[in-house]
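The structure appears below as structure tokens.
These numbers come from the heavy atoms of this one structure, side chains and all, not from hydrogens, waters or symmetry mates. Everything quoted here is computed from the prediction, not taken from an experiment.
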Amino acid sequence: MKFMKLGSKPDSFQTDGDHIRYVATELATDIVVNVGDVKFYCHKFPLLSKSARLQKLVATSNDENGDELHIQDIPGGPGAFEICAKFCYGMTVTLNAYNVVAARCAAEYLEMYETVEKGNLIYKIDVFLNSSIFRSWKDSITVLQSTKSLLPWSEELKVVSRSLDSIASKASIDTSMVEWSYTYNRKKLPSENGNSPQWNGVRKQQTVPKDWWVEDLCELRIDLYKRVITTIKTKGRVSGDVIGEALNAYTLRRLPGFSKGMIPNNDIIKYRSLVETIVWLLPAEKGTVSCSFLLGLLRAAILLDCGETERIELMRRISQQLPEATVTDLLIRAPAGEATIYDVDIVHNLVSSFMTHISQADPGKKEFLESTRSPKFGPDASKVLVAKLIDGYLAEIARDPNLPVSKFVNLAEIVSSVSRPSHDGLYRGIDMYLKEHSGISKSERKRICRLMDCKKLSAEACMHAVQNERLPLRVVVQVLFFEQARATTSSGSSTPDLPGSVRALLPGGSHGSSRSTTTNTEEDWDSVPTAEDIKALKGELTTLRLSGETNRNGMAKTDIERVAASRMKGLAMSKIFSKLKSSKERNGEISSSDTSESPEETKSTPSVSRKHSLS
């Protein structure tokens with residue numbers, strides 16, 4: 001820290017209690033200066049020789065009170081006046097970054113100009129500020145912090161603006177020219193710490209990171225921090241990424257509990273102002289701050305009841321960067337009084353906004369957006385990432401016992417048009433919801449299961465699904481068929497299109513074809529299979545695998561599919577017929593149209609039924 005010593009005489013100021021200061025000399029004091037609640041017993045000559053204001057006060061005072069002055073509004077209070085008084089006496093006084101602004105404002109108040117005496121205090125302080133303080137990084141920050149309590153004097157004397165310019169200029173300088181000390185505790189990039197994979201073995205001097213200045217500015221209060229960042233932006237030499245990193249670091253330092261999604265409730269107004277200011281300072285460029293940080297700000301804005309403008313801005317930014325988010329980021333607690341645990345509506349709005357933004361983006365912008373994502377997802381990488389994100393989110397919120405079916409389905413349907421390679425994540429969400437909401441109706445269960453494409457389940461997911469007693473019968477049959485069809489393909493990695501007979505067999509849905517059946521038959525399809533049903537269906541799968549062996553010996557692929565369809569149909573339809581008969585045909589005689597299928601299927605069904613009777 002820079003400092004400057006003024007004067008050479010020993011310090012003769014003495015204290016008598018907390019409210020009396022006097023100069024201990026052989027010459028009796030002849031003036032009393034009241035500053036706040038402190039009385040200073042001094043001598044007129046040294047004070048008046050350097051202060052035009054004291055001269056005026058003495059000249060205009062009454063003869064009776066000419067020896068006692070009152071200056072209650074001097075900036076810096078008794079401490080700053082004492083520095084000025086010691087300077088007048090020629091006593092040793094030390095100025096530094098902590099007291100120089102108070103001394104400068106007090107000297108201005110006392111009118112200690114060059115016109116009063118050459119080499120006066122104002123001149124000496126200005127020289128010290130320009131030659132030392134404003135050339136020092138940390139001293140400039142300290143000076144800026146000290147200006148808060150000295151407003152409006154520090155503002156009018158341009159100490160604030162000069163401090164801002166000094167800090168912003170240093171933050172904007174090329175890192176190769178940074179020669180002063182700074183605080184840096186974050187992890188550096190490999191290229192910044194000499195551990196880059198391309199390091200050629202020659203040890204270079206450790207480079208200064210681009211965000212070297214970020215942590216030191218975290219000590220500033222939010223109003224001063226706002227002005228510093230704004231000044232840095234105005235200079236235009238610092239990238240948006242570094243500005244974003246600075247805002248992130250400041251928020252983590254000044255908003256306790258932010259990283260954990262918790263906000264202190266001891267000073268709501270203070271923290272609300274902080275969040276609103278950070279949102280206002282966000283760089284205009286997309287991607288300069290992480291989506292996780294933006295969602296954290298949104299969570300804080302909700303908890304602190306920030307303005308609608310800030311929330312809308314955050315929602316807009318988040319929707320543009322939604323592919324970067326994680327499931328944990330999206331788990332925003334619902335407002336107090338809501339029945340659900342998490343605020344699903346906010347996520348619904350974010351995804352809707354994202355899909356709208358993608359659909360309206362021009363080809364150039366869309367191409368740029370996709371180029372920033374992982375290439376393994378293809379040209380629609382962003383939409384695939386968001387779809388997988390929502391699959392994971394659904395699995396988390398499904399545990400909420402108060403989550404309505406409509407909210408679960410509506411959120412899933414927003415990304416239903418996105419073609420993703422696997423529906424395993426969606427299946428996990430559906431399974432978790434069915435597990436936690438066992439009391440939902442058959443129609444609701446059917447509505448949820450329509451979201452899933454059984455053809456896009458992995459082998460592991462299929463294995464789990466065929467043993468899942470929470471799924472409707474139609475879904476279990478679909479999974480069994482698609483798993484067997486996958487096993488019969490020559491490559492073992494692709495699923496063939498369903499033949500007409502199988503499409504007629506498999507019940508209707510978002511990914512299947514509809515068929516004519518009675519109301520009771522539909523209810524059987526949507527019913528939950530028992531353990532015995534699943535065991536029988538798995539046994540049928542074993543039988544069907546034998547057909548795959550026959551395919552190697554010359555049977556046509558379409559014949560195998562026909563056999564698979566007829567046998568699976570025989571098993572399922574025999575179960576349905578038994579239920580229809582046990583209900584005593586309450587809907588009347590079963591018409592031929594209710595149970596008829598295509599001719600091929602009708603011919604093959606009896607053979608399957610006989611097979612089960614023999615087994």
Side-chain angles (χ1 to χ4, degrees), residues 148 217-230 243-284 286 288-322 324-354 356-357 389-390 393 396-397 399-400 402-404 406-407 410-411:
K148 179 72 174 179
L217 294 189
C218 290
E219 303 300 325
L220 296 172
R221 290 179 297 272
I222 187 61
D223 53 340
L224 293 175
Y225 185 80
K226 177 182 179 180
R227 297 183 66 175
V228 170
I229 296 298
T230 302
I243 297 291
E245 174 60 24
L247 298 177
N248 186 24
Y250 187 86
T251 306
L252 290 172
R253 175 80 67 85
R254 308 292 290 196
L255 192 59
F258 178 80
S259 60
K260 299 179 181 179
M262 298 182 295
I263 302 298
N265 55 8
N266 57 338
D267 197 342
I268 299 297
I269 296 177
K270 170 186 173 183
Y271 294 125
R272 181 188 300 146
S273 173
L274 187 149
V275 171
E276 291 178 348
T277 301
I278 294 297
V279 174
W280 187 85
L281 289 172
L282 289 172
K286 184 176 65 177
T288 51
V289 294
S290 69
C291 189
S292 177
F293 176 62
L294 291 172
L295 281 161
L297 286 176
L298 178 61
R299 184 183 293 108
I302 294 171
L303 293 174
L304 295 168
D305 195 24
C306 292
E308 192 68 20
T309 302
E310 286 74 23
R311 296 194 200 189
I312 293 174
E313 175 63 15
L314 287 171
M315 294 280 286
R316 182 188 69 82
R317 288 175 176 269
I318 292 168
S319 65
Q320 295 179 0
Q321 296 180 225
L322 196 58
E324 305 170 15
T326 65
V327 173
T328 304
D329 295 332
L330 295 179
L331 295 177
I332 300 174
R333 289 278 177 175
E338 293 287 336
T340 56
I341 298 176
Y342 299 110
D343 197 334
V344 181
D345 293 335
I346 279 187
V347 177
H348 186 282
N349 293 336
L350 287 173
V351 179
S352 297
S353 180
F354 167 79
T356 301
H357 175 73
L389 173 67
I390 297 306
Y393 179 74
E396 288 295 325
I397 64 173
R399 296 182 172 90
D400 183 356
N402 296 321
L403 180 67
S406 58
K407 287 194 175 184
N410 290 341
L411 181 57

Would you give the length of the straight line joining atom [atom1] of [X] to atom [atom2] of [Y], rounded to the nearest 0.5 angstrom?
| X | Y | atom1 | atom2 | answer |
| --- | --- | --- | --- | --- |
| Ile341 | Ile397 | CD1 | CD1 | 10.5 Å |
| Leu314 | Ile278 | CG | CD1 | 11.0 Å |
| Leu297 | Glu310 | CG | CD | 11.0 Å |
| Ile318 | Glu313 | CD1 | CD | 10.0 Å |
| Glu396 | Tyr393 | CD | OH | 10.0 Å |
| Glu276 | Leu304 | CD | CG | 8.5 Å |

Partners meeting side-chain contact (heavy atoms from CB on, under 4.5 Å) with Asn248 (sequence neighbours left out):
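Scan of Asn248 (side-chain contact (heavy atoms from CB on, under 4.5 Å), adjacent residues dropped) gives Glu245, Leu252, Phe293.
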In chain order, what residues pass the side-chain contact (heavy atoms from CB on, under 4.5 Å) check against Ser353, with sequence neighbours excluded?
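Scan of Ser353 (side-chain contact (heavy atoms from CB on, under 4.5 Å), adjacent residues dropped) gives Ser319.
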Of all pairs that satisfy salt bridge (charged side-chain N to carboxylate O under 4.0 Å, His left out), the ones with a partner from [range], not counting sequence neighbours:
| range | answer |
| --- | --- |
| residues 252-274 | Glu219-Arg253 |
| residues 326-347 | Asp345-Lys407 |
| residues 288-307 | Asp305-Arg311 |

Checking the side chain of [X] only, and the main-chain atoms of [Y] only, is there a donor and an acceptor separated by less than 3.5 Å?
| X | Y | answer |
| --- | --- | --- |
| Tyr250 | Leu220 | yes |
| Gln320 | His357 | no |
| Ser352 | His348 | yes |

For Ile243 against Leu281, the heavy-atom pair lying closest together
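Minimum heavy-atom contact is CG2-O, 4.5 Å.
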Nearest non-hydrogen partners of Gly244 and Pro283, listed with the distance
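Where Gly244 meets Pro283 most closely, the heavy atoms are N-CG, 4.1 Å.
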Any side-chain heavy-atom pair from [X] and [Y] closer than 4.5 angstrom?
| X | Y | result |
| --- | --- | --- |
| Thr288 | Leu282 | no |
| Val279 | Arg317 | no |
| Ile263 | Val275 | no |
| Trp280 | Thr230 | yes |

Val344 and side-chain contact (heavy atoms from CB on, under 4.5 Å): which partner among Leu411, Asn410, Ile332?
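When side-chain contact (heavy atoms from CB on, under 4.5 Å) is applied between Val344 and each of Leu411, Asn410, Ile332, only Leu411 qualifies.
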May I have all residue pairs that pass ring-ring contact (aromatic ring centres under 6.0 Å, His included) and include part of residues 296-315, sequence neighbours excluded?
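ring-ring contact (aromatic ring centres under 6.0 Å, His included) check on residues 296-315 returns no pairs.
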